[in-house]
Amino acid sequence: MKYIIMLLFLGLSAAAQNTHAHHDSIKNLEELEEVKVKNAAKKKIETEMKMAVSVDEFLSSSDNISFIKRGAYAWEPLLNNMSSERSTVTIDGMHIFGACTDKMDPVTSYVESNNLSAVDIKSGQQGSLHGATVAGSIDLKRKSTPFGLAKNWNAAYQSGFEFNNKQFFNLGNVAYSGEKFVADGSISYRKADNYHDGNDDQVKHSQYKKFNTSLGFAYKTTDLSSIRVDAIFDMAKDVGYPALPMDLSLSRALITSASYKQLFEEGLIKVVDTKIYFNAIEHYMDDTTRPENLVHMDMPGWSTTYGLVSKANAKRNNYSSEIQLNAYDNLSIAEMRMYPQDRSQRTMFAYSWPWVTTRYAGLSINNSWDLTEKSQVNLGGSLGVNYNYSKYVEFNWIFHPGAPQEKTRFLPSLHAGYNLDIDHFNFSVGTGYGHRAPSVSEGYGYYIYNSFDRYDYIGNPDLKNEISYEANAGAGFKNERFSLQGKINYFYIQNYIIGRILSMGSPMNYQSVGVKGYTSLDYATLLNMSINAGYDILEHLHWKGTLTYARAMDDKGGNLPFIRPLSYQTSLHFMHKNFGVQTSVNGDFEQINYSPEYGEDLTSAYLIWNLSANYSFKINKVATTLQAGAENLLNEYYSTYADWGNIPRMGRNIFTSLKFSF
């Protein structure tokens with residue numbers, strides 16, 4: 001089957017990473033804001049199947065993002081089938097770093113769907129605008145109300161219930177738009193009990209509670225300039241992780257920023273937008289809810305980041321450019337505290353992140369030339385400097401005697417692409433080259449327990465930079481009723497960082513079977529392919545289909561872990577006047593290219609059927625939408641290649657949602 005798919009891609013030739021577009025100069029601030037709003041309206045944070053999706057559920061609808069799941073909350077995003085260390089995830093360009101060594105608090109867990117307007121996903125080195133990366137970038141764009149709307153006040157409220165895990169949620173938004181002042185805010189609360197799998201068995205420790213709120217204020221200082229301040233507060237409590245030996249008692253995040261935007265009516269530079277930001281994360285993992293554990297362990301973590309992001313947009317004739325400066329200072333601290341049943345009788349203390357400071361400064365540029373009305377060239381790159389300092393380097397000296405306390409790395413990046421539109425066809429080819437520095441865990445981690453393969457992991461400060469060589473290509477066709485798009489990318493990654501068994505050291509966690517140290521393979525290769533198709537069967541009946549495939553191997557020809565097998569999704573959407581019905585089928589084929597060395601085993605194929613219906617109407621000029629549906633309608637019992645420890649997914653889940661827009 002995989003060779004047939006590869007032949008299909010070779011026949012399609014090359015894939016469009018960026019669609020061709022003309023760049024019109026901006027005359028005033030209102031016009032700029034209105035353009036942003038129109039773009040956001042096309043990218044609602046919802047899917048055709050479900051209005052009230054979480055951020056994770058929305059991202060999973062993308063064909064180049066998958067997730068590692070350790071429970072029902074805070075999934076770890078994998079871009080281009082690569083672990084989160086290899087991608088850059090930001091909120092409005094701001095760098096935020098989780099405080100959990102188990103990666104149970106990705107950046108995506110600190111926002112909600114009702115305070116986002118869009119998600120900007122860039123593959124490979126096209127994502128280097130936000131900093132050094134291999135897999136690409138995910139930028140979560142917060143809602144920003146434009147000045148001078150005809151309607152001063154806007155508000156929305158959404159509530160619903162999901163029956164499988166008895167999840168109850170409330171999402172609210174309010175915004176004010178004046179000629180010189182705007183304000184917007186959001187609030188949300190979700191509470192869920194343990195979910196049930198396809199055998200109707202309760203999956204223990206899968207409950208969670210999440211509260212999120214945000215505020216934003218902007219003031220127009222002149223006709224062509226404005227200032228803005230934003231803040232997000234997020235708190236999660238009593239979050240269970242059935243795939244881990246411990247749960248989350250409390251997680252808190254405060255994310256703040258202040259920015260100044262200046263537009264220019266004449267000259268090469270059109271917009272300059274500068275932002276300073278601060279965010280603080282605290283995350284407390286413990287196993288007090290697991291009385292079966294013979295020895296208890298607390299794993300608190302803290303992450304604090306100060307940063308600056310400044311970008312400028314330039315345009316002249318057929319040339320346009322975006323230049324961005326990124327700088328941040330992050331301090332990451334994580335502890336392990338071990339004790340018997342009596343918490344006061346602590347028997348062990350260690351730093352799993354020994355007060356690691358990371359400072360980064362980088363300058364990035366993306367250039368675009370419209371060669372003709374139908375062809376475009378893109379060229380860009382970045383140069384970053386990454387500095388690390390470990391306060392308690394003695395933890396690293398145990399396994400790496402004489403390792404440096406501080407380390408400076410240079411991280412260059414280049415990428416190029418060509419797009420061509422011919423009648424109903426589009427083609428593009430591209431290439432990229434980039435470096436990334438080891439993450440805090442990879443460089444300085446100390447006895448970080450991985451419950452997937454049951455090894456304790458040790459960082460290595462002397463790891464080399466990962467170096468990525470990338471090629472991407474694809475082709476597409478579109479007419480009034482039918483569309484077909486194929487994409488393919490290939491990564492050759494030198495000094496690929498991964499864990500290997502150490503001959504020295506004994507495990508610290510009583511559940512561990514050994515110790516692994518992060519080391520560099522000579523290289524690894526990764527291939528991603530996807531086909532997307534759509535067809536308007538009737539005026540009100542539309543079909544979509546997606547097929548994806550990935551293959552990744554190390555320098556010995558062995559399989560790399562967490563690589564998505566051949567996957568598919570097909571859906572029908574009927575909408576007439578105020579009524580809509582959606583149905584979809586999605587699934588994975590059997591995962592035969594698994595990696596026992598990293599704790600994987602064979603996962604069976606599965607097929608999931610979903611169905612939903614929605615109706616829109618008005619109540620005294622209040623736009624109202626009612627939706628009801630069912631996920632996993634046939635109550636399939638299954639787990640996927642990316643379910644940590646083979647925890648089963650949720651069985652049949654009937655959901656309802658009611659939304660009011662004022």
### Query
Who passes side chain to side chain donor-acceptor pair (under 3.5 Å) against Thr625, sequence neighbours left out?
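For Thr625 the side chain to side chain donor-acceptor pair (under 3.5 Å) partners, ignoring immediate neighbours, are Ser616.
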### Residue list, side chain to side chain donor-acceptor pair (under 3.5 Å) with His95, at least two apart or on another chain
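By the side chain to side chain donor-acceptor pair (under 3.5 Å) rule, His95 matches no residue at all.
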### Task
Not counting sequence neighbours, list each pair that qualifies as a salt bridge (charged side-chain N to carboxylate O under 4.0 Å, His left out) and has a residue in residues 74-85.
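Pairs touching residues 74-85 that pass the test: Arg70-Glu76, Glu76-Lys103, Glu85-Lys103.
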For [X], ring-ring contact (aromatic ring centres under 6.0 Å, His included) partners two or more places apart:
| X | result |
| --- | --- |
| His435 | Tyr433 |
| Tyr637 | none |
| Tyr535 | none |

### Which residues share a side chain to side chain contact (heavy atoms under 4.5 Å, CB included) with Lys141, sequence neighbours left out
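By the side chain to side chain contact (heavy atoms under 4.5 Å, CB included) rule, Lys141 matches Asp92, Ser117, Asp120, Asp139.
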#### Entry: Partners passing side chain to side chain contact (heavy atoms under 4.5 Å, CB included) against Asn366 (at least two apart in sequence or in another chain)
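By the side chain to side chain contact (heavy atoms under 4.5 Å, CB included) rule, Asn366 matches Leu129, His415.
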### Query
Which is it for Phe562 and Asn81 under the side-chain contact (heavy atoms from CB on, under 4.5 Å) test, yes or no, and what are the steps along the way?
CA-CA 7 Å; Phe562 296 113; Asn81 283 283; over 6 Å; no
Verify the distance criterion only: is there a donor paired with an acceptor across the side chains of [X] and [Y] at less than 3.5 Å?
| X | Y | result |
| --- | --- | --- |
| Thr603 | Asn646 | no |
| Asp105 | Tyr110 | yes |
| Ser159 | Asn170 | yes |

Listed by chain and number, what are the salt bridge (charged side-chain N to carboxylate O under 4.0 Å, His left out) partners of [X], not counting sequence neighbours?
| X | value |
| --- | --- |
| Arg652 | none |
| Lys50 | Glu57, Glu162, Glu631 |
| Glu112 | Arg190 |
| Asp197 | none |

### Message
Is any side-chain heavy atom of Asn64 closer than 4.5 Å to one of Asn489?
### Response
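No, every pair of side-chain atoms sits at 4.5 Å or beyond.
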#### Entry: Minimum side-chain heavy-atom gap Phe482-Phe477 below 4.5 Å
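Result yes, sub-4.5 Å side-chain heavy-atom pair found.
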### Query
Ion pair present between Asp56 and Lys69, side-chain N to carboxylate O less than 4.0 angstrom?
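Answer for the salt bridge query: no.
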### Task
Could you go through the side-chain contact (heavy atoms from CB on, under 4.5 Å) check for Asn632 and Met650 one step at a time?
CA-CA 8 Å; Asn632 192 1; Met650 187 180 291; over 6 Å; no
### Task
Apply the ring-ring contact (aromatic ring centres under 6.0 Å, His included) test between Tyr73 and each candidate in Tyr208, Tyr195, Phe67, Tyr241; give the one that qualifies.
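When ring-ring contact (aromatic ring centres under 6.0 Å, His included) is applied between Tyr73 and each of Tyr208, Tyr195, Phe67, Tyr241, only Tyr208 qualifies.
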### Task
Quick one: closest heavy-atom pair of Glu470 and Asn472, and the distance?
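Minimum heavy-atom contact is OE2-ND2, 3.2 Å.
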